[in-house]
Amino acid sequence: MSHPGPLFADYVDGTLDPSTRAEVDAHLRTCATCRAELALSTAGAASAGRLTAPASPAGMGKAAVAEAQRLAAERNPEVTPIAGRARRRPTTSRVLAVAGAAAVIILLALIAPKLGQGSSQRSEQAAAAGAARPSAYPVATGVEIQHADYTFAALVQSATELRTALTASEGYAGPSPGEQVALPSASVPALDAQDVSTDATLLPKATACLNKAFDSPPGTLSRVIRATYGGQPAYLGVYLIGPGADLPPTLLQLSAASVHGCQRLGQATARL
Amino acid sequence: MSDRAGTPDRELVRRFLAGDAGAATELITRHERRVYAVCLRVLGNPDDAADAAQDALLAMIRKLDGFRGEAAFTTWLYRVAMNVCYDHLRRAQRRPVLRRSDDGAAPEPALDDHADAVAGAHDVAAALAQVPEDFRVAIVLADVQDLPYDEIAKVLDLPVGTVKSRVHRGRIALARALGIEPGSEPVDRSAASKETRP
């Protein structure tokens, strides 16, 4: 094999298929230049992964909000007061129509991130999900970006607190589809609720990484968090494991994998 | 809390184009931090980043009717933001250098409570500014924002192979800027300064 430079990005990420990886490894044993290059690339990736997203300056979006209001007014003359003409009605019905058509899609995403929501609302949401329901347990819809550093102790504590949060409500029958499993902020150093954003585009990469690190773990991946673990960029997966169908989960597993190389970093399990 | 909080980006775009300004406000609130972060890491200083992020959010609002929904909204938004960042970089190259040379390692903004909480992150931010522009953009998207390579290829309109190559070269450049040698721990800067500055 010639110098496998083009493969090094995937090598560092741990996303090469095993046979290609073995070929690269064979080359590395004989090539000091590539070994040095790979060591630098690995160190560079880990260093860049330590950077987190800072808070944006206050008022940064003001100009954009003003522009949005101007453009919206242009697009929607019905809501601009026009003397003596009642033109609001079509707008109202259109908004209702939009809400109706999108309801099924939006419902899952709308559900508040805490347990203990009204159960009638929960069952309506479950009913709306209907045939599209992918699993009896809630499924992660994005990656939460947390500016927090986890340790093994924090992982164990989080798993325990998650269990408490899940089982605390009376007559608990397991979370409904789409319901988010709340991770108590007390267990997470430096975590501020406003400091969390969720990104759906990152989910496939994060899921693949967790699957690789933990060899396709059992259960339903209910939450995915991007944070650091011992200072290293990491994905944390919250898995609910149980008989499925309408029966509540029996185990909760919190698994941490490195973003680079998808290595197993830590795992904590709580019986529910 | 408004009913917009959990609404998908795509639906917010649709509502805005139907005349709902609040939907656009939700998009701005939801993504301003992401836009600022990518501008800060690409441009390297908080003032330029705030200017660029403001421009990027304005551009987002003005171009929303051009969002066709073929790509994920965040991919499209990164593309808008990166174009604005490249404009700022080009303008910065044309204007005379006003900063003192030691401003390159200016501290992160004081309001930045959680950023760079991990040891060494401050050095990384300074070193990142020394990485050549194209490589820097690639590693910011890949390793800071964690975008998959195929998404980065869409953002930058480049073949995936080129993206991977830039990421690899950017990672090496960053490691070198941090004083990392192959097979060594990062250089202890205080020890290094003792040698060079008697």
Side-chain angles (χ1 to χ4, degrees), chain A residues 5-6 8-10 12 35-37 39-45 47-57 60-61 63-65 67-69 71-73 75-76 78-79 91 94-95 98 102 105-106 109-111 143 147 149 190 192 195 197 199-202 204-205 226 228 231 259-260, chain B residues 3 6-8 11 15-21 24-25 28-29 32-34 36-37 40-41 50 53-54 57-58 60-62 72 74-75 108-109 111-121 124-125 139 143-144 146-148 151 161 164-165 167-168 171-172 174-176 178 180 182-183:
Chain A
F8 279 159
D10 281 319
V12 170
R35 277 201 304 276
E37 208 175 287
L40 283 175
S41 190
T42 306
S47 302
R50 285 193 200 120
L51 292 173
T52 52
S56 50
M60 195 184 76
V65 169
E67 180 70 356
Q69 282 164 350
L71 287 171
R75 291 200 180 101
N76 194 11
E78 293 94 333
V79 295
T91 309
R94 183 171 61 196
V95 169
V98 167
I105 304 164
I106 299 165
L110 267 177
I111 299 165
V143 176
H147 305 282
D149 189 40
D192 163 1
D195 222 19
S197 60
D199 196 327
T201 48
L202 303 182
K205 186 177 168 184
R226 164 71 158 85
T228 57
V259 169
H260 301 293
Chain B
D3 69 333
T7 307
E11 174 58 19
R15 289 193 198 175
F16 169 64
L17 295 177
D20 175 4
T25 305
I28 293 162
T29 308
E32 62 183 347
R33 183 175 186 150
R34 184 196 314 276
Y36 176 69
L40 177 65
R41 299 312 178 194
Q54 186 170 323
L57 291 171
L58 261 175
M60 170 186 95
I61 292 302
R62 289 176 181 154
T74 44
T75 306
E108 295 287 300
L111 53 90
D112 186 2
D113 289 340
H114 298 295
D116 301 345
V118 181
V124 177
I139 52 175
D143 292 333
V144 184
D146 276 347
L147 286 188
E151 293 294 322
K164 288 181 180 178
S165 159
V167 167
H168 174 57
R171 286 169 173 174
I172 291 175
L174 177 64
R176 289 204 167 117
L178 281 164
I180 297 171

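Only a predicted model underlies this, so the values are computations on that prediction, with no experimental measurement involved. Quick note on labels: first sequence line is chain A, next is B, and so on, each numbered from 1.
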Original post:
Do Glu151(B) and Lys205(A) come within less than 4.5 Å of each other through their side chains, counting heavy atoms only?
Top reply: no
**OP:** Evaluate side-chain contact (heavy atoms from CB on, under 4.5 Å) for Asp10(A) paired with Lys164(B), printing each intermediate quantity in order.
**Re:** CA-CA 8 Å; Asp10(A) 281 319; Lys164(B) 288 181 180 178; 2.6 Å; yes
Subject >> Contacting moiety of Thr74(B), where chain A heavy atoms sit under 4.5 Å >> reply: side chain
**OP:** Please look at Arg35(A) and chain B and tell me whether the side chain, the backbone, both or neither of the residue comes under 4.5 angstrom of a heavy atom of that chain.
**Re:** neither
**OP:** Flag the one option from Arg171(B), Glu32(B), Arg176(B) with the top tally of heavy-atom pairs under 4.5 Å to chain A.
**Re:** Arg171(B)
Subject >> Top of Leu17(B), Thr29(B), Val167(B) for chain A proximity - count of heavy-atom pairs under 4.5 angstrom >> reply: Leu17(B)
**OP:** Would you indicate whether the side-chain heavy atoms of Ile172(B) and Phe8(A) approach each other to under 4.5 Å?
**Re:** no
Original post:
Where do Ala175(B) and Leu40(A) come nearest, in terms of heavy atoms and distance?
Top reply: CB-O, 3.3 Å
Original post:
For the residue pair Ala55(A) and Tyr36(B), what are the closest heavy atoms and their distance?
Top reply: O-CE2, 3.5 Å
Original post:
Heavy-atom distance under 4.5 Å to chain A: side chain of Leu57(B), backbone, both or neither?
Top reply: both
**OP:** Grab the two heavy atoms, one from Asp20(B) and one from Ala72(A), that are nearest each other, plus how far apart they are.
**Re:** C-CB, 4.4 Å
Subject >> Where Leu58(B) and Ala63(A) come nearest, the two heavy atoms and their spacing >> reply: CD2-O, 3.8 Å
**OP:** State the NE2-OG distance between His168(B) and Ser41(A), to the nearest 0.5 angstrom.
**Re:** 5.0 Å
**OP:** For the pair Asp143(B) and Ser47(A), evaluate side-chain contact (heavy atoms from CB on, under 4.5 Å) and give the outcome as yes or no after the intermediate values.
**Re:** CA-CA 9 Å; Asp143(B) 292 333; Ser47(A) 302; over 6 Å; no
**OP:** For each of Leu174(B), Thr75(B), Ile61(B), Ile139(B), tally heavy-atom pairs with chain A at distances under 4.5 Å, and name the one with the top tally.
**Re:** Ile61(B)
Subject >> Gln54(B) side chain reached by Ser56(A) side chain, heavy atoms, under 4.5 Å >> reply: no
Subject >> Closest non-hydrogen atom pair, Leu51(A) against Ala125(B) >> reply: CD2-N, 3.8 Å
**OP:** Please report the closest heavy-atom contact between Ala68(A) and Phe16(B), naming both atoms and the distance.
**Re:** O-CE1, 3.4 Å
Original post:
Where on Val65(A) is there a heavy atom nearer than 4.5 Å to chain B: the side chain, the backbone, both, or neither?
Top reply: both
